[in-house]
S.K.: 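Before I ask anything, let me first share the structure, which is written out below as structure tokens.
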Amino acid sequence: MTRFPDSKRANRSRKSAQRDRTDRIGFNANPLLTVALPAWRSKLMLFLLFVGFVALVGRAFYLMGGVSTGFLQRQGEARYARTLEIPATRGRITDRNGVVLASSVPARAVWAIPEDVDAGPEQLNTLARLLQMNVSELKRRLADDDRTFVYLRRQVDADVAERIAALKLAGIHSTREFKRHYPEGATNAHVIGFTNVEDRGQEGIELAHERLLAGRAGSRRVIKDRLGRVIEDDWLREPLDGKDLALSIDNRIQYIAHAALKGALDKHRAKAGAAIVFDVKTGEVLALANLPSFDPNLRGRLSGDAIRNRVLTDTFEPGSTMKPFSIAAALEAGKVRVDTRIQTAPGRLTIGNRTIGDAHAHGMLTVEEIVSKSSNVGTAKIALELPAQTLWDTYTGVGFGQAPRLDFPGAVTGRLRPAKTWRPIEQATISYGHGVSVTLVQLARAYSVFANDGRLVPLTLLKTDTTAMPVRAMSPDTALAMRKMLEMAVGPEGTAPAARIPAYRVAGKTGTAYKIKNGQYVKEYVASFVGFAPVSDPRIVVAVMIDEPAGAHYGGQVAAPVFAAITASALRTLQVTPDAPLDPGREMIASRSAP
Amino acid sequence: MTRGLVVLIGALLFASALSLITAQHRSRSLFMDLERAQVDAKRLDVEHDRLRIDQSRLSQPAYVESEARKIGMKPIDTARTVFLNLPTAETKK
């Protein structure tokens, strides 16, 4: 202390000064600590902070209040919301009894990103086996590194696809699609047609009623949780499933027709054949069979020849099956009566510089016999009595030369030239079915006039509850007279005894016509038979056409037995009451077992 | 007084918030059940379709006929049919 005498004083004086300041300002009254800042700086700072907060609030409003919400909401939603496609199932096609003829079930399209695939050889083997492919083929497809997407196989069954997914191979993916199944296979192929891999109709009913069958895919917006489970619906656009379609086809009769036709084709080594059965009262087509046929489930090797629906798209010269209409026209016009006698000897007739002839010379025939024995000369003589226009009107009235109003792709009109252009020789040949062309469906429908008391019934391939509105084409008397003649044609004296069946009365007409190739008649034939049964109250019309039979080629030999086979089974299937008298022995059994 | 009201309203608000959460959770789990049921329904539909196809395939006349022939059955034909004349049949044509 002695060393610092004045420091003591200074200390004291500082202490007192300290004491004085503590009262007023506080401990940091050190003048060194006193920063003499201008007041505006703190105010500026405060202001800047305020501006900062305002900016934040503004930004918050900007982001959330509506100005720029879209982007963020999208980004947010992309993390939990998904739009799912809801596929629409294509409608089923059933027959008139509800048997499924075509139905779609989910399947998978298996595809790969070649770059991503690194599977071991045994894994590739398993995959190839599941896909039913060669390993080399599979490797070839996967080797193409330039492509980022390659289908390995489409229309894979769902359970197979599940097993492929269970392999957990990198780069192998699958997407949902539908596969169309046709359980009946080749039997019904021509009526139903088929779809492509996209489940769109390509042929037949599948194409004709595409809009009804297809339906419309829907979609829905959902919210998913972190495990991918759907937990909330946002919105939903209902998918519209395709409508089911019931055809007029009776599956059992269709099979009968198909089998009978197949038998005949094998027996006569014919190129092709077609048959149609329809209900006279409603116009519903019960069976429509074509051969050669195809399996719509195996569409790998389809040929145009097999796909063609000959009943509707192939025209041929009808031959003798045309005669009843010429005779009916003459009966209607009153030119002849049923028992009018016409001289057909010597079996030929020269018109201008051309001569037409009969297969066998017959001599004097009644009009009835001309039909039942199928005389060209007799028919031509009767037809030449009539004005060409009258004949044309009759033919057109029963539907020749017009497309059948049947909702089916590819149905054709056939060819019937205007009456004004007919020369006499043409009028004669047209009257017995040469120089005109028809389709089998036109021919069958025309015969409904005889079966249906002179009324032409419109045909349909769809099951219908409403009775058809037939159009009158000739008088009931003429139709009845023709029915009688056509029944005689299958009688023992007629051209087609082979068309007869036990227990039912049938009626019909054979046709045998040369084919035309490159504008020339060639020695190849179309044998046909059109008829109906039972005669007392006709229920069905059956038409059969056999193209290019080898060996026997007459309609009565080739087509009539097919008609008989189809008609007998079809009438039994439809449970039509027999109208023919049973033979005595059977009658006895019947009366004994009757209650 | 005002203080009590604030606390009460606060408590109510809190309770309401909790119930909202519960309700949301329950609605979501119910929705998940519904969703699962719908997936099942869809699956059963597909199964039904597939079974109908199988049924159709097995009831194909061609298949039935070939199976019937295997056990020695023959197709019906009118020659081997016995027709019964029931009284009702006589009134018909």
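Each chain gets a letter, A, B and so on, in the order its sequence line appears, and its residues count up from 1. The analysis underlying the following values was restricted to heavy atoms, covering all of them including side chains, and did not include hydrogens, waters or symmetry mates.
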S.K.: Would you tabulate the side-chain donor-acceptor contacts of residues 34-41 of chain B under 3.5 Å, counting partners in other chains and residues two or more places apart, or write 'none'?
M.R.:
from: B:Glu35; atom 1: OE1; to: A:Arg220; atom 2: NH2; distance (Å): 3.3
from: B:Glu35; atom 1: OE2; to: A:Arg220; atom 2: NH1; distance (Å): 2.7
from: B:Glu35; atom 1: OE2; to: A:Arg220; atom 2: NH2; distance (Å): 3.4

S.K.: So does A:Lys463 have more than 12 non-hydrogen atoms from other groups sitting under 6.0 Å from NZ?
M.R.: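 Yes, because the 6.0 Å sphere around NZ of A:Lys463 holds more than 12 heavy atoms from other groups.
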S.K.: Quick test of your reading: applying side chain to side chain donor-acceptor pair (under 3.5 Å), list the pairs with at least one residue in residues 50-71 of chain B, sequence neighbours left out, ordered by first then second residue.
M.R.: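 Non-adjacent pairs meeting side chain to side chain donor-acceptor pair (under 3.5 Å): A:Tyr255-B:Glu65, B:Glu65-B:Arg69, B:Glu67-B:Lys70.
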S.K.: Determine whether more than 12 heavy atoms belonging to other residues, nucleotides or ligands lie under 6.0 Å from atom NZ of A:Lys484.
M.R.: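 Not buried by this count: 12 neighbours or fewer within 6.0 Å.
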S.K.: Non-hydrogen atoms of chain B under 4.5 Å away: do they reach the side chain of A:Val105, the backbone, both or neither?
M.R.: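 Just its side chain gets close to chain B.
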S.K.: Out of A:Leu101, A:Thr187, A:Val222, A:Asp233, which one racks up the most heavy-atom pairs below 4.5 Å with chain B?
M.R.: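 Maximum pair count with chain B is reached by A:Asp233.
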S.K.: Just jot down the side chain to side chain contact (heavy atoms under 4.5 Å, CB included) partners of A:Ala107, sequence neighbours excluded, or say none.
M.R.: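 A:Ala107 satisfies side chain to side chain contact (heavy atoms under 4.5 Å, CB included) with A:Lys179 only.
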S.K.: Between A:Arg92 and B:Asp49, does the side-chain contact (heavy atoms from CB on, under 4.5 Å) criterion hold? Intermediate values first, please.
M.R.: CA-CA 9 Å; A:Arg92 294 184 201 95; B:Asp49 269 354; 2.6 Å; yes
S.K.: I need the contact set between residues 7-33 of chain B and chain A: heavy-atom distance under 4.5 Å, sorted by residue number.
M.R.: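 From residues 7-33 of chain B, the residues near chain A are B:Gln24, B:Arg28, B:Phe31, B:Met32.
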S.K.: Please flag which part of A:Ser569 lies under 4.5 Å from any non-hydrogen atom of chain B: side chain, backbone, both or neither.
M.R.: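 Contact with chain B: none, neither part.
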S.K.: Mind ranking A:Glu184, A:Arg252, A:Arg229, A:His181 by heavy-atom pairs under 4.5 Å with chain B and telling me who comes out on top?
M.R.: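 Option with the top pair count is A:Glu184.
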S.K.: Quick one: which of B:Ile53, B:Val64, B:Leu58 has the most heavy-atom pairs under 4.5 Å with chain A, could you say?
M.R.: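 The answer is B:Ile53.
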